[in-house]
Every structure is written in C-alpha cells, then in structure tokens.
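In what follows, a single structure is set out as structure tokens and then discussed.
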Amino acid sequence: MRQSRYFLPTLREIPSEAEIPSHQLMLRAGMIRQLVSGIYTYLPLGYRVLRKVERIVREEMDRAGAQEVLLPAVQPASLWQESGRWEDYGKELLRFQDRHERPLVLGPTHEEVITDLVRQEVRSYRQLPMILYQIQTKFRDEVRPRFGVMRAREFVMKDAYSFDVDWEGLDRSYQAMYKAYESVLQRCGLRFRVVQADPGAIGGEGGSHEFMVLSEVGEDSLLVCPRCSYAANIEKARSKTPEYGSAGDVPPMERFLTPGARSIEDLKTRFGLNPETILKVLIYRVDDRYVAAVVRGDHEVNEVKLKRLLNARRVELADEETVRALTGTGFGSVGPFGLTMERVVDDAVAALPEGVAGGNEPDVHYRHVVPGRDFQWEKQGDIRTARAGEPCVECGGTLEMYRGIEVGHVFKLGTKYSEALSAVFLDEQGRQRTVVMGCYGIGVSRLVAAIVEQHHDDKGIVWPASVAPFHVHVIPVNIRDEQQRTTAEELYRQLTERGTEVLLDDRDERPGVKFNDADLIGVPVQVIVGKRASEGLVEWKWRRTGEVEVLSTEEAAERAAAIGSGE
RNA sequence: CGGAAUGUAGCUCAGCUUGGUAGAGCGCACGGUUCGGGACCGUGAGGCCCAGGGUUCGGAAAUCCCUGCAUUCCGACCA
C-alpha cells in the first residue's frame with residue numbers, strides 16, 4: 001500500500017474524548033472514528049487489524065471442528081419471548097418495530113436464533129455433536145459505553161454454540177473451545193488468565209469461564225491464587241470461611257445504646273467496636289419481595305452471588321424509607337431479629353461465635369449475639385465479596401487481585417435454551433431427548449483494543465507480528481532523492497510480488513513526520529531507505545526495541561519476504 | 001439510572017469573571033526555502049461560537065438565565 005494514497009488520518013494530538021491508551025492510540029493511528037457514543041467506524045488500518053484478528057479466530061475455530069455460519073442480526077421478538085429473555089435481558093436489548101408494527105430486536109447475542117435453527121434441522125443423535133460459529137456485529141445498548149471500542153454498543157463478536165447429546169459430550173465441546181480460546185489469545189500475543197465466572201444474563205447451569213487480558217484499565221477484578229490454579233472473577237471468587245475458634249459459653253444478649261450510629265465506621269470509631277464482630281444487615285429488594293442479607297461488618301455483600309443464591313432476576317438495595325417501614329429503624333441499627341422477611345446469612349456470619357447486632361430500634365444495639373441461638377435464618381451461603389489477602393478456598397494460599405479485560409467467555413448452558421425452545425432429538429433407543437448446549441463468545445473488536453493496551457509504548461502502538469496491519473513499513477527518508485526513491489520503490493515492488501504486506505511511505509514529508517507516524521502506526525519492522533541507498537544499504541529497524549541493523553538491500557528484501565511468508 | 005464536567009475552525013484550546021458581533025497553535029491550499037525524529041517564511045481558505053427560548057439598551061449575547069441535546073468522566077450493570 002502506498003501511504004500517499006492511503007486513507008490514514010493520523011492525529012498529532014490526543015483527542016479529548018479518549019482516556020485510556022488503546023482508545024487514544026486507535027484514534028491517533030487512524031484506525032477508528034466515532035460516529036456516536038459507543039459506535040465506531042473502522043478505517044482501513046483498523047479494519048485490517050480487525051480482519052487479522054478475525055482470521056486467527058476463524059483458524060482456531062475451524063481447527064477445533066466448528067463450522068462457520070452467519071445468523072441474522074435482526075430477530076423476531078417472539079423468539080426472545082419464548083426463551084424468557086424478552087423480560088430478563090433488560091434495557092440492553094435494542095427493541096424496535098417494523099412497518100407492520102411487528103416487534104423485533106437487534107441481536108445482542110444469538111442463543112435464540114441458533115437454537116431455533118437447530119430445533120428445525122436436527123432430528124437425530126447421528127447429527128450430533130455439532131459446533132457452529134459466526135463472526136458478526138452485535139448490538140447491546142450499554143448504559144455507559146466507554147473506552148472506545150472496549151465497551152461499545154455496536155461491536156464485532158465471534159459467538160459459537162455447541163450441541164451435544166449429553167453432558168459428557170458438552171464437556172468435550174467445552175474443552176475444545178477452551179483450548180481454542182487459549183490458542184487465539186496466545187497467537188494475539190496476549191498475557192491473560194482464565195477465571196471462573198458468573199454466567200450473568202446468558203445463564204445456564206454448568207458454570208462458565210472468562211478469558212481475561214491482564215491490564216490496569218480492565219473493568220473486571222480477578223482474584224488469583226499464586227499457589228494453586230484457583231482464579232475467579234471477583235463476582236464469583238470465594239475465599240475460605242474464617243475459623244474463629246470456640247468462644248465457650250457466651251452470656252445472654254445484652255442491650256446497649258449507640259446514639260447517632262449510622263454506619264459500621266461510626267460503631268468502630270465512636271463506640272470502639274471491631275467491625276469483624278458486627279453483623280451488618282442490608283435490606284434488598286429481590287424481584288418483588290424483600291430480603292435481609294447479613295454479612296460481617298467488614299465484609300461487602302456481593303450482589304451477583306446473592307442473586308444467584310436466591311435465583312433472582314433483580315437485586316437492588318432498598319432505600320432508607322423502605323427499610324424503616326420494614327424494620328422499625330433506619331440505617332445503622334437494623335438487626336437480624338424478628339424480621340418478617342427472608343433472611344440470608346453469609347457463611348462467615350453463621351460461623352461467628354458471637355457478635356454485635358442492631359436492635360431494630362433507633363440507637364440500640366445488642367452484644368453477645370450468637371447466630372443460631374439468638375436469631376435464625378432461612379438461607380445460608382457465600383454472599384460476600386472475597387478480597388485480596390484472604391485465604392484461597394482451594395488451598396489456603398493468599399489471594400492476589402488483578403485487573404482484567406474480559407475478551408472471551410465460555411458457558412456450559414446445559415438445556416436452558418434447548419428446553420425453552422424444545423430443541424430435541426431421538427437417541428439410539430428412539431427416545432426423545434433435549435440437546436445439551438454450550439456457548440462461547442469472543443469480543444473481537446474488544447480484543448483489538450486489548451492488544452493495543454498490552455502492546456504500546458510512549459510513541460505509539462507496537463503490533464505483535466500476528467495481527468500487525470502490515471508486515472513491513474518501507475520508509476524512504478527523502479522521496480525526492482532519486483536513489484532513495486527507486487530503491488524503496490523496487491523493494492516495495494519485489495516484496496508485494498512475493499506476498500509480503502508492505503506499507504510504503506512515499507509521501508513527500510519531512511523525515512520526522514514519517515518516523516513519528518511509523519512509530520504511531522506500529523508496524524513491527526521499519527525498513528529505512530536513507531543516504532546509504534547509493535551504496536546499496538538500508539536500515540532494518542525493529543519497532544519494539546528500536547534496534548537498528550544496516551543491511552544490503554537484497555538481504556533486507558529476503559528477510560522481509562521471510563516475515564511475509566510467516567517464518 | 002444517580003453525581004460531575006465539557007460543548008467555540010478538521011484537531012488541541014484561548015476568549016466568558018466585567019455583554020459591544022471571534023482568536024492562537026497545529027492541520028489544510030498555494031508559493032518559496034529546507035530535508036535523518038512532528039522545520040522555517042509568506043499568502044489564503046475555513047466558524048448559524050451544540051440547539052431552542054429568555055434577559056437587556058426600544059434595536060448588543062460565545063459571554064448572563066432557562067430548557068433540551070450531545071460528548072466525557074466517576075459510581076450501580078456486562079463480551
């Protein structure tokens with residue numbers, strides 16, 4: 001490609017809307033432009049990279065035995081009503097009507113459509129297992145799009161769906177996809193962790209794993225055990241339930257006054273209480289009822305875990321007015337006693353030998369409260385957010401926290417969708433059975449941003465060779481110099497002929513402009529054709545290290561051709 | 001969905017406090033000079049100052065007030 005004719009609008013300054021490095025660099029390097037919030041155009045350079053990443057994804061999917069299809073982006077509401085997600089998916093689902101006022105959606109994901117296809121076409125166990133995938137534009141009406149294509153409303157996703165006769169089959173398909181995902185990320189040159197995750201709105205009963213690219217700007221937190229293989233999204237992560245030792249005989253509960261105490265912090269600083277022994281009671285609105293969640297004063301309720309434990313659709317904290325009506329007191333003195341609503345107690349509270357709890361009347365607390373003796377509960381489980389420094393559930397090692405960008409998520413759906421949409425087949429015995437499904441997503445456009453996030457320096461992007469938009473960047477320092485121009489042109493011609501992807505900077509620009517643009521764009525190798533072209537010599541410069549070698553033009557051509565052919 | 005900030009030239013911003021009809025740097029076009037890390041000189045094009053309403057000097061608003069919209073950031077949600 002001749003740069004003089006290439007639509008590559010680089011920016012010298014950082015656009016004010018961009019906050020994180022990948023967003024800034026993708027704008028500056030002329031890869032993307034924003035149309036409206038969360039919706040981007042890919043310019044030629046950006047689209048080249050996107051296609052490189054897509055190719056890697058395709059190769060690994062095909063290698064894993066998946067078959068590529070293309071499903072419609074526009075889908076009838078009826079399918080979503082059938083699966084139950086018309087209600088469950090919420091406002092992220094973009095809904096609209098056609099001219100006949102028939103309700104439609106713009107697909108945020110494709111479980112419904114693919115399951116519909118399979119229920120129509122698959123009749124026999126002989127047709128299974130099967131894995132289908134597509135690479136397609138998805139639309140999710142995000143509350144707050146941000147960070148460029150990292151969290152966009154319209155984005156490119158690879159989604160795959162597996163169909164098996166039973167759970168053992170699903171395990172095999174899941175493993176195959178899991179491995180393929182690891183290969184994709186490795187080939188993209190990424191440092192990542194695979195973590196246990198909460199399946200969220202996709203659902204399914206078999207659990208899920210997220211593929212997290214490690215990055216400071218990642219929106220997810222991961223807890224990782226350095227001693228064993230345990231790693232989980234903070235939404236899901238567990239730590240060992242604390243052991244307190246036996247307290248012996250605990251005296252009966254004792255009422256005491258805590259005037260004006262509104263928070264755990266107040267109880268600590270003004271009344272000298274240890275938060276670890278306080279029972280914090282939070283009132284949640286769960287779907288259409290209220291639930292009291294009890295955790296230790298120093299712990300946080302994990303709403304994702306709470307939602308899962310209660311099998312709820314929606315969980316949100318009640319406001320103070322509601323709390324007053326339900327408990328007889330406001331924030332700061334709510335206790336677990338005598339509540340009419342369901343109580344859910346965290347494991348760490350249930351194990352507590354004794355503690356301090358609110359009295360459900362203003363300014364009153366009780367000490368020597370023994371869970372099980374002084375109050376009961378309807379449900380118990382792990383509902384707190386695990387923290388760095390706590391002991392790993394698996395091995396007791398000390399958990400560490402990292403930030404990550406979720407670029408992939410694999411789910412064992414089981415029969416959630418196949419049952420709702422009755423996707424069934426006949427087994428060897430002629431019995432009708434429900435298809436067991438898995439689904440597997442990679443945010444392809446997000447992956448591009450994640451790569452930039454991990455591969456840049458203060459001058460610009462530094463592409464890993466596998467996804468670089470071009471293999472080599474040929475830069476004649478001065479295009480008006482006859483010798484330099486012809487040498488560069490000749491290199492360009494030869495390499496292009498041999499299948500190497502070359503960007504030739506044939507612009508009549510000053511060297512500084514060219515070098516800065518080249519560093520910004522980040523092609524891995526720069527072949528600089530300068531004064532010594534007259535002696536048949538050029539410079540071979542690695543973008544990553546800045547290391548320069550002087551080579552003969554022929555040798556540079558050979559090396560570049562080798563890179564182009566994938567060596 | 002709550003909280004905050006910002007909307008002026010293609011980009012980055014000044015001007016707003018104190019109302020008088022718009023500026024800089026970069027970029028762009030043309031000419032000249034220059035040519036190994038974003039050069040220099042000259043000339044020029046480019047703006048319903050986000051939109052709508054209001055206020056006042058009867059007849060001055062980028063600037064003051066109100067409403068809306070957009071963008072961004074911070075919190076609650078997800079590939």
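In what follows, chains are A, B, ... by sequence order, proteins preceding strands, each numbered from 1. Keep in mind it's a predicted model, so treat the numbers as computed, not measured.
For B:rG25 and B:rG68, the P atoms lie 39 Å apart once the distance is rounded to whole Å. Taking atom P in both B:rA60 and B:rA22, one finds a spacing of 16 Å when rounded to whole Å. Using atom C1' as the reference point in both B:rG46 and B:rG2, the two lie 41 Å apart (nearest Å). Taking atom C1' on both B:rA79 and B:rG7, the two are 31 Å apart, rounded to the nearest angstrom. When the P atom is used for both B:rA5 and B:rU67, the distance is 14 Å, rounded to whole Å. Between the P atoms of B:rC13 and B:rC73, the separation comes to 14 Å (whole Å). Across B:rC28 and B:rC74, the matching P atoms stand 33 Å from one another, rounded to whole Å. Taking atom C1' in both B:rC26 and B:rA9, one finds a spacing of 12 Å when rounded to whole Å.
Ring centroid separation for the pair A:H209 and A:F211 does not come in under the 6.0 Å cut-off. Remark: aromatic rings of A:F163 and A:Y417 are distant, center separation not under 6.0 Å.
Just one of A:V156, A:L50, A:I442 meets the side-chain contact (heavy atoms from CB on, under 4.5 Å) condition when paired with A:L447; it is A:I442.
Remark: A:R510 is in phosphate contact with B:rA39, judged by side-chain N or O atoms under 4.0 Å from OP1 or OP2. In terms of phosphate contacts, A:K514 brings no side-chain nitrogen or oxygen within less than 4.0 Å of OP1 or OP2 of B:rG37.
The base of B:rG36 is not paired with the side chain of A:N478 by any donor and acceptor separated by under 3.5 Å. For A:E13 and B:rG25, a side-chain-to-base donor-acceptor distance below 3.5 Å is present, hydrogens and geometry of angles not being considered. Between the side chain of A:K541 and the base of B:rG37 there is at least one donor-acceptor pair of N/O atoms closer than 3.5 Å.
Residue contacts for A:D519: at a heavy-atom cut-off of 4.0 Å it reaches a base atom on one of the strands shown. Residue contacts shown for A:A152 include a base, since a base heavy atom lies under 4.0 Å away. A:E539 comes within 4.0 angstrom of a base, heavy atoms only. The residue A:L317 sits apart from the nucleic acid: no heavy atom pair falls under 4.0 Å. Among the heavy atoms of the strands, none lies under 4.0 Å from A:P9. A:G408 comes within 4.0 angstrom of the backbone, heavy atoms only, and of no base. Nucleic acid contact class of A:G530 (heavy atoms, under 4.0 Å, all strands): base.
Stacking is found between A:F155 and the pyrimidine-like six-membered ring of the B:rA79 base under the 5.5 Å centre-distance and 30° plane-angle cut-offs.
Nearest-nucleotide mapping onto RNA chain B: of A:V513 and A:D508, the residue sitting toward the 5' end is A:D508. Residue A:T10 is the one, among A:T10 and A:E210, whose nearest nucleotide of RNA chain B lies closer to the 5' end (criterion: closest heavy atom).
Look at A:E68 and A:R58 and you find a salt bridge, because one of the NZ, NE, NH1 or NH2 atoms lies within 4.0 Å of a carboxylate O, short of that distance.
Judged by Watson-Crick or G-U wobble contacts below 3.5 Å, the nucleotide B:rU18 has no partner. With a cut-off of 3.5 Å on both Watson-Crick or G-U wobble distances, the partner of B:rU71 is given as B:rA5. With a cut-off of 3.5 Å on both Watson-Crick or G-U wobble distances, the partner of B:rG44 is given as B:rC28. For B:rC64, the paired base is B:rG54 (Watson-Crick or G-U wobble, both distances below 3.5 Å).
A:W86 carries A:R95 over the face of its six-membered ring, with the cationic atom under 6.0 Å from the centre and within 45° of the normal. Both cation-pi conditions hold for A:K412 and A:Y174: the charged atom is under 6.0 angstrom from the six-membered ring centre and inside a 45 degree cone around its axis.
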Passes side chain to side chain donor-acceptor pair (under 3.5 Å), A:Q526 versus A:D519? Steps please.
CA-CA 9 Å; A:Q526 299 170 2; A:D519 289 346; 2.9 Å; yes
List the steps, then state whether ring-ring contact (aromatic ring centres under 6.0 Å, His included) holds for A:F470 with A:Y6.
CA-CA 13 Å; A:F470 294 93; A:Y6 200 41; 5.8 Å; yes
List the steps and the verdict of side chain to side chain donor-acceptor pair (under 3.5 Å) for A:E555 and A:T553.
CA-CA 6 Å; A:E555 200 179 345; A:T553 313; over 6 Å; no
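The distance from atom CZ of A:R314 to atom C1' of B:rC1 is 11 Å, rounded to the nearest whole Å. A:Q24 has its CD atom 13 Å from the C1' atom of B:rU12, to the nearest Å. Nucleotide B:rA79 holds its P atom 14 Å from the CZ atom of A:F211, rounded to whole Å. Whole-Å rounding puts the A:D517 CG to B:rG37 C1' distance at 11 Å. Summarising the geometry, the separation between CD1 on A:I14 and C1' on B:rC26 is reported as 14 Å, rounded to the nearest angstrom. Whole-Å rounding puts the A:F515 CZ to B:rC35 C1' distance at 11 Å. Separating the CG atom of A:L11 from the P atom of B:rU12 is a distance of 8 Å, rounded to the nearest angstrom. Nucleotide B:rC26 holds its P atom 15 Å from the CD atom of A:E509, rounded to whole Å.
Between A:W542 and A:W540, the ring-plane angle classifies as perpendicular under the 30° and 60° cut-offs.
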Table of protein N/O atoms under 3.5 Å from nucleotides 71-78 of chain B N/O atoms:
unit_1: B:rU71; atom_1: OP1; unit_2: A:S37; atom_2: N; d: 2.6
unit_1: B:rU72; atom_1: OP1; unit_2: A:Q34; atom_2: NE2; d: 2.9
unit_1: B:rU72; atom_1: OP2; unit_2: A:S37; atom_2: OG; d: 3.2
unit_1: B:rC74; atom_1: OP2; unit_2: A:R144; atom_2: NH2; d: 3.0
unit_1: B:rC74; atom_1: N4; unit_2: A:R144; atom_2: NE; d: 3.3
unit_1: B:rC77; atom_1: OP1; unit_2: A:E303; atom_2: OE1; d: 3.2
unit_1: B:rC78; atom_1: O2; unit_2: A:R151; atom_2: NH1; d: 3.3
unit_1: B:rC78; atom_1: O2; unit_2: A:R151; atom_2: NH2; d: 2.5
unit_1: B:rC78; atom_1: N3; unit_2: A:R151; atom_2: NH2; d: 3.1

